Protein chains: 2
Amino acid sequence: MNIGQASRRSGLPAKTIRYYEEIGLVQPSRLENGYRDYSAGELDALRFLARARSLGFSIEECRRLLSLYSDKSRASADVRRLAEAHIVEVDAKIAELQAIRAALARLVSACHGDHAPDCPILDELAGSAA
Amino acid sequence: MNIGQASRRSGLPAKTIRYYEEIGLVQPSRLENGYRDYSAGELDALRFLARARSLGFSIEECRRLLSLYSDKSRASADVRRLAEAHIVEVDAKIAELQAIRAALARLVSACHGDHAPDCPILDELAGSAA
DNA sequence: CCTTGACCTTCCAGTCGCTGGAACCCATCT
DNA sequence: AGATGGGTTCCAGCGACTGGAAGGTCAAGG
């Protein structure tokens, strides 16, 4: 199957699929005319990547996951460890964003938002307490 | 004040401060020896930037905020609009991360995590339901 | 046979917000 | 004079793509 089909069936842009080949994630064979030719297994790998990336795994984590995926002797504990470590990262990001959100909400609620030039948001960004 | 002091007092790395100059955010005058010389106002601007960036405003949003900050005739409603738009973005990111977190937690809880090679996490990433 | 249009190929540059490093200048202390 | 610790410039690289130019390939239509 050519890259256009692989793109449609995996949901990944063709550019991204080429990029994944370049960095050694999924390397298809080529037809005589030079076109990439994706096997069913390679399409599976692309779909796998699309899902793992959408869950926020980095490319290097995806590479690990892919190799565990194709390693028949892997221990599921390895995979679980990777996923758990990733949850910890996600939790940290959520907490950070929630703190940011709270700070912003406080700023906005302090701001009358009219046509007068004095603005507590700018005042606070400029100097007093963070 | 030289860049080292400005860095210590603003909390921004010197490299970052030089970068901000390069992109036209804060452009200090120079001493005879070529060293950057930050005024009190420029230090304020750097602190302002440090805070706004830590709240997740993009560089371009910071540029807007800085210009509102130095615009005596601005309406605080303009600032408020920017902050509110930013909250909407932050909320969207939080929601996305929470969805990701839930999906990961579900995967992890389905995985026995032992030394056997079958692993529901990989199975699910590979193909069935997302 | 020629053209059109949709594909495919490669390669290079740009995104965002820094960050690291090389190579060099300047200031101060011993 | 030399060591240390500033400062300066410029170039390259991060992650994970994305856009665009320039050109090869393929199937269908006039």
Side-chain angles (χ1 to χ4, degrees), chain A residues 1-39 42-43 45-66 86 89-90 93 96-97 100, chain B residues 1-39 42-43 45-66 86 89-90 93 96-97 100:
Chain A
M1 143 192 17
N2 65 20
I3 200 171
Q5 279 217 306
S7 170
R8 258 164 268 128
R9 296 201 195 171
S10 68
L12 292 169
K15 279 258 175 191
T16 300
I17 297 179
R18 288 194 195 97
Y19 173 68
Y20 288 170
E21 179 182 7
E22 191 186 324
I23 62 175
L25 281 183
V26 178
Q27 280 160 323
S29 55
R30 301 288 184 126
L31 297 175
E32 290 199 351
N33 59 12
Y35 285 21
R36 288 166 180 84
D37 186 30
Y38 289 88
S39 70
E42 285 155 352
L43 177 59
L46 291 176
R47 288 209 253 242
F48 185 103
L49 286 170
R51 296 229 170 107
R53 288 289 300 130
S54 79
L55 291 177
F57 287 98
S58 75
I59 288 287
E60 287 315 307
E61 285 169 329
C62 287
R63 197 190 296 279
R64 277 279 293 138
L65 284 171
L66 257 189
H86 190 51
E89 285 173 32
V90 170
K93 275 190 205 161
E96 199 189 328
L97 284 176
I100 287 172
Chain B
M1 135 192 26
N2 65 21
I3 200 172
Q5 281 217 306
S7 168
R8 259 165 268 128
R9 297 202 194 168
S10 68
L12 292 169
K15 279 256 174 192
T16 299
I17 297 179
R18 288 195 195 96
Y19 173 68
Y20 288 171
E21 178 182 6
E22 191 187 324
I23 63 175
L25 281 183
V26 179
Q27 281 160 322
S29 55
R30 300 289 183 127
L31 297 175
E32 290 199 352
N33 60 11
Y35 285 20
R36 288 165 180 84
D37 186 30
Y38 289 88
S39 69
E42 284 155 355
L43 178 59
L46 291 176
R47 288 209 251 244
F48 185 103
L49 286 169
R51 298 230 169 104
R53 289 286 301 131
S54 80
L55 290 177
F57 287 97
S58 74
I59 289 286
E60 287 316 308
E61 285 168 330
C62 288
R63 197 189 297 278
R64 276 283 292 138
L65 284 171
L66 257 189
H86 191 50
E89 285 172 34
V90 171
K93 275 190 205 159
E96 199 188 328
L97 284 176
I100 287 172

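Naming: A, B, ... by sequence-line order, numbering from 1 per chain. Note that the structure is a prediction, hence the values are computed from the model and not measured.
- When the side-chain nitrogen and oxygen atoms of A/T16 are compared with OP1 and OP2 of D/dT18, one or more of them lie within a distance under 4.0 Å.
- A close approach under 4.0 Å does occur between a side-chain nitrogen or oxygen of A/Y20 and OP1 or OP2 of D/dC17.
- If you measure from atom CG of B/L46 to atom P of C/dG17, you get 17 Å, rounded to the nearest angstrom.
- A/E61 and A/R64 are not joined by a salt bridge, as no carboxylate oxygen comes within less than 4.0 angstrom of a charged side-chain nitrogen.
- Straight-line distance from the CD1 atom of A/I59 to the C1' atom of D/dT18: 14 Å, rounded to whole Å.
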inquiry  = Run A/L46 and A/R9 through side chain to side chain contact (heavy atoms under 4.5 Å, CB included) and show every step you take.
reply    = CA-CA 9 Å; A/L46 291 176; A/R9 296 201 195 171; over 6 Å; no

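- We find that CD of A/E61 is positioned 12 Å from P of D/dG15, with the value rounded to whole Å.
- Between A/Y19 and A/L25, every side-chain heavy-atom pair lies at or beyond the 4.5 Å cut-off.
- Atom OH in A/Y38 sits about 10 Å away from atom P in C/dC8, given to the nearest Å.
- Crowding of A/E96 atom CD: a count of heavy atoms from other residues, nucleotides or ligands under 6.0 Å not exceeding 12.
- Remark: B/Y20 OH to B/R63 CZ distance equals 11.0 Å, nearest 0.5 Å.
- A/Y38 is not listed as a side-chain neighbour of A/Q5, based on a closest heavy-atom distance of 4.5 Å or more.
- Looking at B/I59 and B/R53, their side chains come closer than 4.5 Å, going by heavy atoms from C-beta outward.
- Remark: C1' of C/dC16 and OH of B/Y19 are 7 Å apart, rounded to the nearest angstrom.
- Distance A/L31 CG to D/dT25 P: 13 Å, rounded to the nearest Å.
- Taking atom CZ on A/R53 and atom C1' on D/dC17, their separation rounds to 9 Å, with Å as the unit.
- Axis angle across the helix from C/dC1-D/dG30 to C/dT30-D/dA1, with five pairs used at each end and values rounded to 10°: 40°.
- Here the closest heavy-atom approach between residue A/D37 and residue A/M1 is recorded as OD1-N, 2.7 Å.
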task = Give the C-alpha distance, both sets of side-chain angles, the deciding distance and a yes or no for side chain to side chain contact (heavy atoms under 4.5 Å, CB included) between B/R18 and B/R36.
result = CA-CA 9 Å; B/R18 288 195 195 96; B/R36 288 165 180 84; 3.7 Å; yes

Heavy-atom protein contacts under 4.0 Å, nucleotides 6-12 of chain D, coded B base, S sugar-phosphate only, - none = BSBBB--

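- The CZ atom of B/F57 sits 17 Å away from the C1' atom of C/dG17 (whole-angstrom rounding).
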